[in-house]
Structure formats: structure tokens, C-alpha cells
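Here the structure comes first, spelled out in C-alpha cells, and everything after it is commentary.
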Amino acid sequence: MLKTSDPDYYKWNQYFFLKFFEKGLVYRKKASVNWCNKCDTVLANEQVHNGMCWRHTDTEVEIKQLEQWFIKTTNYADELLSDVDKLDWPERIKTMQKNWIGKSFGAEIDFVINGKKWPVFTTRPDTIFGVTFVVVSSQHPKLMELVTKEQKKEVDKFLQKIKSTKQEDMDKLDKEGVFTGSYAVNPMTNEKVPIWVGNFVVADYGSGMVMAVPAHDQRDFEFAKKYKIPMRVVIKPEKAEYTIIEKSLPKDKISKLKDFGEVVIIKEDKNWGKFYMVSVNLNNENKIIDFLEKNLLKSSDDGGAWYADSFNTSNVVVFPNKTFILKNDNDIQDSIKHGLKLGIPKNQLEFELKAFTDYGLLVNSQGFDGLGSDEAKEHIVKALEFKKLGRKTVQYKLRDWLISRQRYWGTPIPMIYCDKCGIVPVAEKDLPIKLPENVRFGQGNPLLGNKEWLSVKCPKCNGKARRETDTMDTFFDSSWYFLRYCDNKNSKLPFDKKKVDYWMSVNQYIGGAEHAVMHLIYARFFTKALSDLGFLRRDLREPFTRLFNQGMLHGNDGAVMSKSRGNVVIPEEVSKDYGIDTARLFLMSIASPDKDTQWSAEGVDGSLRFVRRVMDVIPRIKIAKSSKVFESKINKAIKDVSEDIEIMRYNLAVIKLRKLFEALENEKEVSKKDLESFVKLLSPFCPHLAEELWEKIKGKGFVSLAEWPEYDEKKIDLRLEKAEQDFEKTISDINNILKIISERQGKDVKDIYLYVIPTELDNYNSELLSKRLGKSVKVFKVNDPKKYDPESKAGKAKPGKPAIYVE
RNA sequence: GCGGGAGUGCCGGAGCGGUCAAACGGGAUGGACUCAAAAUCCAUUAGCUUAGUGCUUACAGAGGUUCGAAUCCUCUCUCCCGCACCA
């Protein structure tokens, strides 16, 4: 056991902080931070959800400028990303981590503004000839350098507007901006393009400034359209894509479309039928145009037919909900005209203009025309490198971990501010810096209120100094607790390396999906960093090799359990009514544990029935020798149940247990070993009951301490299972006959006769059959001379399928 | 918008190329037991058909691959989760 609030634990948080500081993994900087008014503290990016605080979902997060402590998690961005694939974790957690780290390859390109280089990051250097403006973030620290006197008033007005917009409205906001008055020089074309301030550029990603290519980026497209900034097409698709509406072409011609290229049905519409998309190689484009011109219905009375003459040889093609290539403003008008000319209402077509953002072939790009996007990227970056105006780079979405919190419950950050020496780390021997006990809660950081605690001597010059009052994010605590578990009493070190090396890594970690981008990233970072600092063995790079996300249990009404809904199921109450093992069995059997499941009162009743039967039947079973059939079944069950448990498919394990029990019930006698095996298999699901049964069948010690049963592959005989299936089939056949006879002839059958292949005689026990059918059943070998067979049915018998006669 | 997951019979939920009208549980219906009920047991639970059979529809929808698809591929629709203007 350990408590992270105990100085014996958080001492080591401070210790690690200092180690990180030594290695340059800790730094302090003034930053725009997320501030929650309710928590009275800053939050990490990971802790802001939809602009709200993760703990106070009704409280908007404010942006403040504060000096804060950061951990350089980004140093490990690459390794954190590449190692994800080595983990045996749920796929969605892995993708969430990948997206969170968000690696993009691209280029940093310098635009010269007033003689100074301003870099921008882009993943599409191939579109550089299409740049018609540059947008800088409204939060950019050096924004004012770009704003001219003439434009200042307007920019200020714009910034004011952004400031007063609520976070929640920001999301729905259109792309907006104003011209700054300055111009940037495109390093490839030397062309001057205007610089705008925009609300859609993220300040702390890349350089907070982007090159805008409206023809090939949706955001730039919207912005340019709104402010009538010119667009320049520099990429064209490798294939032209035509959309053909079923109604517009005679039926017999539709199949001909395949001759021109790949045909995909993209939509089906009540009025227009199917929308086929034909992708045509550019070389063949004329053929399809020719075909369409000859075959498209031309009558406008037809109400929806395409006009052949609405095509031209440009690759602007009408598409219900896909892409357009736009050459200039006129093209937009033109395209709209085409849409309208088709006589198809805009809303029915979901007709929308979009930028062409796919890769393709370069056009209007000087010497690079005709190259594919991928190739062009390489060449253009090389050209920029030669000019010393650009370079290949990689960008991450992952930000450094902001750990400063202005709250009491957290590890005090072991730093000291000296008027002379500046920021000085606390000496290791002075750890732990304990939280002061005499504090007042209320407004602001409680630590600020205790003057005694606050004042300290500088470790360097012994002069007057004061302590850092920020505490660490509590995720710092949880980032290495599993290491401390291996050696939780160590007072000399955070843990003994040998012990940790022995135990780690965690083979199976279980937790909720909500940890995907917080705890699980921090803990991975910690492990890597501590490994590099020599605290862990070199090759220990990951804390948790396997991860399992359990699902949530919902109430009887299907909703998440909550007090306000009154649908909370209280284990103690369930225990009172059913016994906790019944509840446990039920929970294990509803669905696989990674899924959300629903409590169901009826379902528990079902489990209770089973539990009762088991309690009733097991002690009464005669101990002797197991039949071959049962031996086969129990060995199969041991195998299956063990495997299911191993892969955490408890629901399937329970099903197999139930089946095994059904077989057990029908046995007259069973070996002690097999009976014990059954109880052992039951014990993980119903531990108390199993223990009780164990005693009743006179097992040694506790079942919970007994060896898990092993199966004998040789005893599993699938032929026996087949025989049983045949038996069941025969029962259902007989029932079927009985049903038909009683319905058709209204007769009541008294006796049933079965004629079986001699070798199968053992498979059909007349006693068992009689019991199951509730009627007298006699079984004969087909070749039995003394058999009773008035209608000569015996001849119909086949292997696995006895002949039947009833009267 | 992007990314991930999922859509199966009255319900929950297995199955993930043939052995599938589809495990298991719940519910419903009928029957046995009972004076009666509960519990228990048996049967039925897509439709038509039949002395144990055969057929037709069926695993969100539309296409496709295959001798063969609930299972694989493509597209569409719907739902859930995550990210949210990351250039």
C-alpha cells in the first residue's frame, strides 16, 4: 500500500523533479494557460474538454498568461509514438494516443516580411505555387509587428471581438479575419501576398502562421471565398471524376460506363436513382465526354436530365457531394450554374463547393508541372533548401506537460526564488518539502497565505528567498506509483532498481478508457525518462505491456448509474437478496467485460436459478467413476474455460460452465477428481459457493488454494459429442413427428420405437429417451429379428439417424 | 469535419468463410407436476410445408469476391466513443 499524499511518497516526486531539472527536462516559461476559476488553478491541455474544465463541466476554461513549470514530454514524442505499435493495448486507445501525439511530416518555409524571415509550417509544400495569402494567428505574440498604422484600428477591433467570444461559440464560428497591411514574399515565386490575421490559426502549433492555398485547403478556401481573395489551382486530379445519375442515362447504357473507368455507386436517391461516379483516366477523358454527349437525355422536360452541353473539357465536373477543381472566381459561378442548369434543386444534390485537397498532378507550378504531389514535395523542399528558405521538418500536436497547479493538494515544487541568484533548486538533502499544515482555504493558492512556510534561505547565497508555491499536477503521482509498488517501504531511494527490474513491466493493466491521453501518456513518458536517467534498466521503455479497458455497468433502465436517476444497483442489497456470488456470476455472463453492460433484474434471477441448482445437485452426486462421455466433456470444458478466462471472455466461460453442469446433472456417478474439477472451474465466478461445495465434496483445504485443473487432450473425444448431437436431433425428430400426428390426426401416441445401426446402440438409451419424451421408447438394433416393426420402418435407418416408428 | 468502434431473432448477447434459421441467458406461448400458484421439468418461439422433409425469406441497406457470406471487399445509412480549425 502507498499513499501519494504521504511525504514518504511525494518526497520522491520532488526528487524526480530535481533529476528531470538537472537533465533539462523541466523548464519554466510564461505561457498562455488554461485556467479554471472553480479549481483556481491551471489545467493541462489534456484536462480541458470542449473548452470546459474536466472536473467542472459547467466551467469555462479561461486563457491566462502565467509563468509555469513544464515537463518536456515532447522530447519523447517520437518514441512515445513509435512504441505504441509494440503495445498489446485496445486499438482505440492506441489510435487516441497516436492522434494526440499527432506527428506530421512537412516543411518549414520562410516567407520574407519586411526583410525578416518568418517561417510557416506546411504538410503540402507541393501547393506552394498556389499561395495567395498568409494568415497569422490572432494569438501570435509578434502579431503587432505585422500590423501597419493604417490597419491597426481594424485589427484591434477584430481582436476585441475574438476576446469577447465565448469558447463554446468559437467552435461554430466562421473563419474570419482582417488584413494586417503587410505583405509576405513567396520564396518560390517572389510574389508578394497579403498577410491576414485569422481566428482559425492555432498560435502554438507550428509557428502560429500559415501559408494559405485556397484552392487546395478547405479552411483557406472558405476564408478566401468570404473575403474575395483570389484562388489559384495548382493541383489537378490524376483522374477526372464524373457523376452520372441513373435517371439521366438510358438503362442499357449504364453498364457501358464500366468501359471508361472505375465505377462506384456513391449515393442513392428516391427521385434520381443511383448516382454513379466514374473515375476516368485523363487520357480517356474525351471518350466519356463523347459518350455522354451522344447518350444523355437532352430534353429539359425530363426534369432532371443532364444536358450534354453542360460539359466542357475542363475537369470541372458536377459531383453531388464531392470535389471541384476551381480555376478562378468565374469557375465557381460556372459550377453553380451547371448545378442549377441540371434542374436539380441544390438541397437534393447536397451540392456544395469544396477545395480539392487530394493529391494529384501539379499545374501552374513553373518547372514542377506534371509531377505528382509526393514527388513534387521532395523537389520543392530541395529547391527551398538550396535557397536557404526552407527545410524538411516534423511537427507534433503533443505539447509539453504543464505541471504547475495553484492548489494545496499536490506535491510542492522544490524550487526557490532568490532575489540575487534567481531560480534555485532545493538541495536533495532538504527533501521532502512538506506541505504546510497551517493554511487557509478559500481564495487563491492556500500556500501563499503561510508566510513562515513561504520564506526560506537561498541554498546558494544563504540570502533571503521564497519558496515556489505551485504544487504538481497529481498525475505526477500516478505516473510512477506502479514502480513504488515493487518496493514501497524504501526510505533511501524511490525504489530498488533490482526489485523493479525483476517485477516490471506490468503484464496486465486494467483501467478505464478515460486515461487514454492523460495517465497513460504521462506514465509512459515517466518510464522512458527514468530509464534514460538510469533508474530503470535500459530496455524497460514501457510500463504496461497489456492494457484492458473494462466497460461500464449501466442501470436497469439502460442509463449510466447515477444517484439522481435512482438506478444505482447497490452490491450490498443485491447480496442480501441473491448472494453476492449470484450477482458476480450474472455480471460475468451478460457480455464480454470490455463492453458496457446493463443490469437486469430478470437476468439475475436466471443466474440465481443456476446457482440454486448447482448447490442442490453437486452434494448429491455419487462419487465413483466418470463415464467416457463425461470425461470428454469435462476435459473439453477445462480447456475452453481456461482459455476463455485467459483472454478475459468470462461470458463465454460461464456458458461453457453451464453446459458442463447440464451434463453433470445427467450423470449417475462421477469421479472425485472430475467433480472437484467442476467446483474449481466454478470458483473464480462464485468463490464463496465454490468453497462451500468444496467442503461438501470433501476437498482438501480451500478450493481457492487448490491447483487449477489440467485437461487431458487424449480424453477429449469429439465423436462422443457427435453422438450426442445425433441423439438430440433424434429427439427433435420424434417431437416433430408427434406434433404432426397430433395436429393432423388428432391421435395420441403411446409408444415409440427406434431402430438403430448396431454400432450406435449405446448412443440411444431408452430410459433417457423415455424420460425426455415422456413416453415409452423402445430401442432395437435394425437387424434384431425379434424387433416390433409393423410398418417396416427399420430399413430407413442411417448412420447417426435411427428409423422411427410411433403408434 | 477527422479518427476509432458498432449495427444479429421479442430483448440482452455469441458467432466472424461451409457443420447457421444462428450458441447461451432472459421473455413469451403450450404441456407435465399441483386443489391452485411459485419453483422445477419438457417442448415451441421467421413463414409455408412434411411422419423425422423440403422450400422461401433472413444477420442495417445496396453492390461485389467466392462453388459457398451474418462472416471477406466497396459504397450508403444509422448509432456510440474520441479529437476538435494542428495547416
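So you know, we letter chains A, B, ... as the sequences are listed, proteins then strands, and number each from 1. Keep in mind that this is a model prediction, so the values were computed, not measured. Atom set for the values below is all heavy atoms of this structure, side chains included, hydrogens, waters and symmetry mates excluded.
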> Ring centres of Tyr578(A) and Phe586(A) under 6.0 Å apart?
Replying inline: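 Here the rings of Phe586(A) and Tyr578(A) have centres that are no less than 6.0 Å from each other.
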>> Before we go on, tell me: are the rings of Phe133(A) and Phe223(A) under 6.0 Å apart, centre to centre?
In response: yes
Can you tabulate the close N/O pairs, meaning under 3.5 Å, that link protein atoms to atoms of nucleotides 43-46 of chain B?
residue : atom : partner   : partner atom : Å
A43(B)  : OP1  : Arg772(A) : NH2          : 2.9

Taking atom [atom1] in both [N] and [M], what distance in whole Å separates the two?
N: C2(B); M: C85(B); atom1: P; result: 15 Å
N: U71(B); M: A58(B); atom1: C1'; result: 15 Å
N: G54(B); M: G15(B); atom1: P; result: 29 Å
N: C73(B); M: C16(B); atom1: P; result: 15 Å
N: G17(B); M: A22(B); atom1: C1'; result: 15 Å
N: G3(B); M: G13(B); atom1: C1'; result: 27 Å
N: G18(B); M: G64(B); atom1: P; result: 22 Å
N: A21(B); M: A46(B); atom1: P; result: 13 Å

Looking at [atom1] of [X] and [atom2] of [Y], how far apart are the two atoms once the value is rounded to the nearest 0.5 Å?
X: Trp89(A); Y: Phe548(A); atom1: CH2; atom2: CZ; value: 14.5 Å
X: Phe221(A); Y: Gln218(A); atom1: CZ; atom2: CD; value: 6.0 Å
X: Asp374(A); Y: Asp126(A); atom1: CG; atom2: CG; value: 8.0 Å

>> Counting primed atoms plus P, OP1 and OP2 as sugar-phosphate and everything else as base, spell out the protein contacts along nucleotides 13-25 of chain B at 4.0 Å heavy-atom distance: B, S or - for each nucleotide, 5' to 3'.
In response: SSS-------BSS
> Can you give the dot-bracket line for RNA chain B, where a pair is Watson-Crick or G-U wobble with both atom distances under 3.5 Å, crossing pairs use [ ], and | marks a partner on another strand?
Replying inline: ((((((((.[[[..)..(.....]]]((((((.......))))))(((.....)))...[[[[[..)....]]]]])))))))....
How many whole angstroms separate atom [atom1] of [X] from atom [atom2] of [N]?
X: Lys98(A); N: G82(B); atom1: NZ; atom2: C1'; result: 15 Å
X: Trp118(A); N: A87(B); atom1: CH2; atom2: P; result: 21 Å
X: Ile741(A); N: U53(B); atom1: CD1; atom2: P; result: 14 Å
X: Trp89(A); N: G4(B); atom1: CH2; atom2: C1'; result: 16 Å
X: Ile804(A); N: U50(B); atom1: CD1; atom2: C1'; result: 13 Å
X: Ile93(A); N: C83(B); atom1: CD1; atom2: P; result: 11 Å
X: Phe610(A); N: C41(B); atom1: CZ; atom2: P; result: 12 Å
X: Leu738(A); N: U50(B); atom1: CG; atom2: C1'; result: 14 Å

> So does Lys392(A) have more than 12 non-hydrogen atoms from other groups sitting under 6.0 Å from NZ?
Replying inline: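 Atom NZ in Lys392(A) is not packed in, count stays at 12 or less.
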Quick check for you: among [options], whose closest atom lies nearest to any side-chain atom of [X]?
X: Tyr805(A); options: C81(B), A51(B), U53(B); answer: A51(B)
X: Phe200(A); options: G4(B), G82(B), C85(B); answer: C85(B)
X: Asn99(A); options: A87(B), G3(B), U53(B); answer: G3(B)

Indicate yes or no for a side-chain donor-acceptor contact from [X] to the backbone of [Y] under 3.5 Å, with no hydrogens or angles considered.
X: Lys729(A); Y: Lys801(A); answer: no
X: Ser207(A); Y: Pro119(A); answer: yes
X: Gln97(A); Y: Ala516(A); answer: yes

Counting any heavy atom closer than 4.0 Å, what does [X] reach on the DNA or RNA strands: base, sugar-phosphate only, or nothing?
X: Pro90(A); answer: nothing
X: Ala803(A); answer: base
X: Val201(A); answer: base
X: Val135(A); answer: nothing

> Is there a side-chain polar atom (N or O) of Lys801(A) under 4.0 Å from OP1 or OP2 of U53(B)?
Replying inline: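 Result: yes.
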> Would one find a side-chain N or O of Arg613(A) under 4.0 angstrom from OP1 or OP2 of C41(B)?
Replying inline: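 Result: yes.
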> More 5' along RNA chain B: Asp605(A) or Gln395(A), using each one's nearest nucleotide?
Replying inline: Asp605(A)
> Which comes earlier along RNA chain B counting from the 5' end, the contact point of Thr730(A) or that of Ala203(A), where each point is its nearest nucleotide?
Replying inline: Thr730(A)
>> Check the orientation of His140(A) and Trp118(A). Use parallel for under 30°, tilted for 30 to 60°, and perpendicular for over 60°.
In response: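 Rings of His140(A) and Trp118(A): tilted, 30 to 60°.
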>> With a 4.0 Å cut-off on N to O distance, would you call Asp204(A) and Arg399(A) a salt bridge?
In response: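 Counted as a salt bridge, because a side-chain N and a carboxylate O are separated by less than 4.0 Å.
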> Between Pro90(A) and Leu547(A), what is the shortest heavy-atom contact and its length?
Replying inline: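 Heavy atoms of Pro90(A) and Leu547(A) come nearest at CD-O, 3.2 Å.
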>> Just so I know, are the side chains of Pro194(A) and Tyr227(A) near enough to count as touching, which here means a heavy-atom distance under 4.5 Å?
In response: no
> If you draw the axis of the six-membered ring of Phe610(A), does the NZ or CZ of Arg658(A) fall within 45° of it and under 6.0 Å from the ring centre?
Replying inline: yes
